[in-house]
Participant: 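Sending over a structure as structure tokens; questions will come in a sec.
Below, read A as the first sequence line, B as the second, and so on, with proteins coming before strands; counting in each chain starts at 1.
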Amino acid sequence: MARSRPEAGRAVRFPPAPPRRAGAGMRPVKFAIIQFPGSNCDHDAYHAARYVLGQQAEFVWHKETGLRSADVVVLPGGFSYGDYLRTGAIARFSPVMQRVREFAATGGPVIGICNGFQVLLEAGFLEGALLRNRGLKFLCRHVHVRVEQTDTPFSCAASVGQVLKLPIAHGEGNFHAAPETAAALEANRQVVFRYCDAAGTVTGGGNPNGSLHEIAGVCNRRRNVVGLMPHPERACESALGSEDGRVVFESVVAAMAATGAA
Amino acid sequence: MRTRVFVTLKPSVFDPQGRTIAAALGSLGYGSVRDVRQGKYFELDVDAETPAAARTLVSGIADRLLANPVIESYRVEVDDHGTEPS
Amino acid sequence: MRTRVFVTLKPSVFDPQGRTIAAALGSLGYGSVRDVRQGKYFELDVDAETPAAARTLVSGIADRLLANPVIESYRVEVDDHGTEPS
Amino acid sequence: MIDQATIDAHGLTAGEYRRLVEILGRAPTITELGIFSVMWSEHCSYKSSRRHLRRFPTDGPRVLQGPGENAGAVDIGDGLAAVFKIESHNHPSFIEPYQGAATGVGGIIRDIFTMGARPIALLDSLRFGALEDEHGRSSVETVRLVDGVVAGIAGYGNSIGIPTVGGEVAFEPGYAGNPLVNVFCLGVAKADRLAKGVASGAGNPVYYVGARTGRDGIHGATMASAEFDEGSADNRPAVQVGDPFMEKLLLEACLEVMQTDALVGIQDMGAAGLTCSTCEMAARGGTGIDIDVSRVPQRETGMTPYEIMLSESQERMLLVVRRGREPEVEQVFDKWDLHAVRIGEVTGDGLLRVRDRGRMVAEIPTRELADGAPVYDRPTRYPAYLDEAQRLDESALPVPADLARTWLDLLAAPAIASKRWVYRQYDHMVRTNTVGLPGLGAGVVRIKGTGRALALSVDGNGRYAWLDPREGGRLAVAEAARNVACAGAAPIGATNCLNFGNPERPDIMWQFAEAVDGIAEGCRALGIPITGGNVSLYNETDGQAIYPTPVLGVVGLLDDAARVLTRIFPAAGLDVVLLGDPAGGLGGSEYLKRVHGLVRGRPAPVDFDREAALQRLVVDASRRGMLCSAHDCAEGGFAVALAECSIESGGVGASVDLPVLAGPNDRFGLLRTLFGEAPSRIIVSVTRAGQTELLARARDLGVPVAVIGRTGGDRVTVSLSGRVVADVAIEAAEHAWATGLARHFEPPAA
Ligand SMILES: Nc1ncnc2c1ncn2[C@@H]1O[C@H](COP(=O)(O)OP(=O)(O)O)[C@@H](O)[C@H]1O
Ligand SMILES: [Mg+2]
């Protein structure tokens, strides 16, 4: 089937549509983007939150011991500490992580993207571990994921079964958990995103890295902490090939509005 | 004191690297290799009074940092040569 | 027969991973750790008549595939328990 | 004292040594001898190439920094500068593919942020020996090298968070013992805040920051200038392990320091490490530098001043800081867990003084050391092979029976097939600027905060250059610029990497001089200034030189980032228009190599008036929104280019009809039309509305133009004067193209 691109030379829209502002009288949601040494998607998350979504965003250096009264915490992608030893293994000891733990304990929304997901797993916010990709190679490409659960702050604006086209870029995204853990994750509906094909069918064929149960992202039992390997922040503008990642950010903005926190 | 830590994936965890090496060895004609598992190896040079103290210290480090208990297990060895009371 | 191969960077080669781990241990309060070097560890299960044969086989494999002779050196250990003539 | 054997071991000629003694007015110390030997090595001094490089055009209204600094810079509007350069890391990548390539990436990135620019894109230009034999079987050795090099580039670039947005990969037997790994990096800086590698202001402190110094590559710089031979294995410890994490910290910390005005000058320690950075910075500032090597952070014990000065440990920077502002600078580095160490100061006397715990171990005038290297006018001679190689008797070639099969076979040639297996290992999207993905044409990165984007391409063809070095240089310029133009961008600057054999051989030197002339002609004709580059000589193994390989990196500017064009036909029902002459030539073509196993003939020459007009037309038409896609005809000729417009389009085929160009008995007219290679040809798709205006403009500019068909259907069909001559299903074309390279690396799906 032909891709429709009716306008000549207008394959991409730029600059992006004006940011959607929060409703009248509502203050924008404030994102804290944690910067570990070696984080490299920190600016991308900032750009998405601040300029695409029109919310507030601030960087928080990993040695800080406060979260600057943020509403949402983002652990961005990258190679914290070079991914030396194991992905996320050293970053989890950063001083700021104690505050993130307290923030999460009070129900604050926390999202870990790619390396951020790895940090959340190492730090025990989420259950499971990430192994080397099945093919042993770093893999950067677009994949499809299906939204499995919409009762998390990062998926509530999506619908169950919605298919998102998102980029991945990782060498260690092969989700693993012991059988009991995997069973519990399923039973408690903690699998939030699953790799699928373009039509939304969850098959091995859509799984780029060998992840158990095609798992692309999970949440904790309380459902306020979400980690995923794909990069929603890289898919917020049509100029970048997909806008499907916006729903992740829009979800948390909506969630904050609903709780009246914002 | 010289200590060594071996970190390996738990037997229940699939080891894609080991598997790939085993397959490569097969096609290189090393048919007598039945299985390969890849792990990590660390040498830590530590200040400690006794081998036992070194072991305690390094086991703590392996627990906390070097191994991820979800997927890995570890083993510690302490070099006690030359550290005998003379 | 169970064999083990340890692959380490040659002493003259800088080990960024080991260095980063050592720094992290320092800031975690493990001041008594002087130095960390990281290497690779392989367990190979091979068919061999004798430990000596296993060693020859595995050394060949380490040379050809497991270690990069430009920057790494390796050591082979053969488990000879249970393989003694009974 | 210094004996003859020691002098020889340092690679200095008798004349060079005499010169050194003259400069010093005495015999050198061993440390001084070491310093001179690395500074005057081919790698650092460009002594064989310097005379020739002067012929490049380096000026232009946009040029902010030409050759001579760590990287060149051009004005891209909005008060911003694009800073870019290309570097080779050929020899280290052969010795240790992963680490050699990785540290090559690290080196070029340092060159860019040293200029005060934030690196935002990488490209890699790779050449290896044959990937497959005539039966299609993989070469184990080539597979191993490619695998390691690609993983090394990925390992470093991905970790540091700079997207690799394009590149090229070629395979020719001549690169088997000497692969080429050239890496291009581009950054963006404030135009009025470019940092310089200059040491000025006597009394200003000199700081060392980054990784500690070890005995790494003590003879690295001299190694890069020596041919390989059987004994090279002994050089092995010269390879280093890259530390992208350290470099990421350095990058962020240095850019943060540059926000302040506490910095006077900065330079990375690359080849020849501390030696090169100290004396070059002082020479540029017309000053001296006085350092004590005992203050240099060291990784190994017992290092001598000689070793410290010559070490090539990676990820180190040298800074000159304004006196009194030290605390500010130290604080920034502390934040990033780096320790800036004061190792000396700038002096007014023009001398490089090296002390070891106060004891003087070297004292050399910086200007003579940095700029006084001998410049050689090496003899040139027309190579013996050339006349024979240029002879091509087309009539002796059998004509393939099934042209569609030949077409698919070319699409599966490793040189033409999809490079997905390569670029998917590279994070090409990090920083969320990549609006032109690799694989679709030039890599395109937008510049946030402006509406603009930059299109980047690296190109070269060793086969062309071997068959005609001058034309090879011209064609490389034309192709790189055309690729950028096909994305809709106007070329504004270029860098180049010249990979050649041993310059002491007159036939090699002739190739070099010719290629330089070709590049100079091309850049002058297209109005693209060269702002820098790199020369890699002695690319030989056991006396066997590589193809002479000039690689051009061209940067183009798109005023409207929304107007990015790719090769892909976006929809059915568009008109397919060919800009340029339909037929190419078979000399040096991929067709000739793949189908007949021949590397022969002369590559079709560039007519730069035509080429310039064509590029202007495409850029202009794209700006006005007239074009829906654009793709130039390169390796594999028209037929391959046409198929590539349909591949990955989601199934948009095309049917075209070309005029017959040759007489009825000329069997080769057909082959030249389908598979012949020639510059100055672009396939575009347009809407009906856009077509009329495009045709009118093409005629105004004197560009041959023909509406040759329409997009649609699930096949790609080529007819000549109404008769179908070749026809393939898109699916078959995609399969051949997608698997041609990947099948050598991926186990067949179970
Ligand atoms: N080594 C590489 N790294 C990244 N991208 C690559 C590499 N090799 C080729 N590509 C991409 O694949 C596409 C085809 O490359 P090439 O065959 O050289 O065509 P052309 O030079 O005509 O664009 C380009 O988009 C190029 O950037
Ligand atoms: Mg090319």
Participant: Please state whether the side chain, the backbone, both or neither of D:S159 comes within less than 4.5 Å of a heavy atom of chain A.
Facilitator: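 D:S159 touches chain A through backbone and side-chain heavy atoms alike.
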Participant: Pick whichever of D:K248, D:R624, D:R420 has the most heavy-atom pairs under 4.5 Å with chain A.
Facilitator: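 Result: the option with the highest number of such pairs is D:K248.
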Participant: Do side-chain atoms of A:N133 reach the backbone of A:L136 as a donor and acceptor pair under 3.5 angstrom?
Facilitator: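 Side chain of A:N133 to backbone of A:L136: no pair is present.
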Participant: Strictly below 4.0 Å, N to O, side chains only: are A:E58 and A:R50 in salt-bridge contact?
Facilitator: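 Salt bridge flag = no for A:R50 with A:E58.
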Participant: What do you reckon, are the aromatic ring centroids of A:Y81 and D:F245 less than 6.0 Å apart?
Facilitator: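 Distance test on ring centres: under 6.0 Å, yes.
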Participant: Sub-3.5 Å donor-acceptor pair from the side chain of D:Q99 to the main-chain atoms of D:G152, do we have one?
Facilitator: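 The answer is no, because no donor-acceptor pair under 3.5 Å joins these two groups.
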Participant: If the threshold is 4.0 Å, N to carboxylate O, is there a salt bridge linking D:R567 and D:E648?
Facilitator: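 Looking at D:E648 together with D:R567, the answer is yes, because their closest N to O distance falls below 4.0 Å.
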Participant: Relative to chain D, which of A:G171, A:P167, A:G82 shows the most heavy atom pairs under 4.5 Å?
Facilitator: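 So the answer, after comparing A:G171, A:P167, A:G82, is A:G82.
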Participant: Given the options D:R623, D:R431, D:M429, D:H428, which has more heavy-atom pairs under 4.5 Å with chain A than any of the others?
Facilitator: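 Greatest number of close heavy-atom pairs with chain A: D:M429.
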Participant: Less than 4.5 Å to any heavy atom of chain A: does that hold for the side chain of D:N433, its backbone, both, or neither?
Facilitator: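 Backbone of D:N433 only, per the 4.5 Å heavy-atom cut-off to chain A.
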Participant: Identify which part of D:I162 has an atom lying under 4.5 Å from any heavy atom of chain A, answering side chain, backbone, both or neither.
Facilitator: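 The answer is neither part of D:I162.
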Participant: What residue, out of A:N115, A:L139, A:D44, has the most heavy-atom pairs lying under 4.5 Å from chain D?
Facilitator: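 Highest number of heavy-atom pairs under 4.5 Å: A:D44.
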Participant: Tell me if a side-chain donor or acceptor on D:R446 pairs with a main-chain N or O of D:T432 at a distance below 3.5 Å.
Facilitator: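 Checked: pair present.
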Participant: For chain D, which of A:D42, A:I168, A:N40 has the most heavy-atom pairs under 4.5 Å?
Facilitator: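 Sorted descending by pairs with chain D, the first entry is A:N40.
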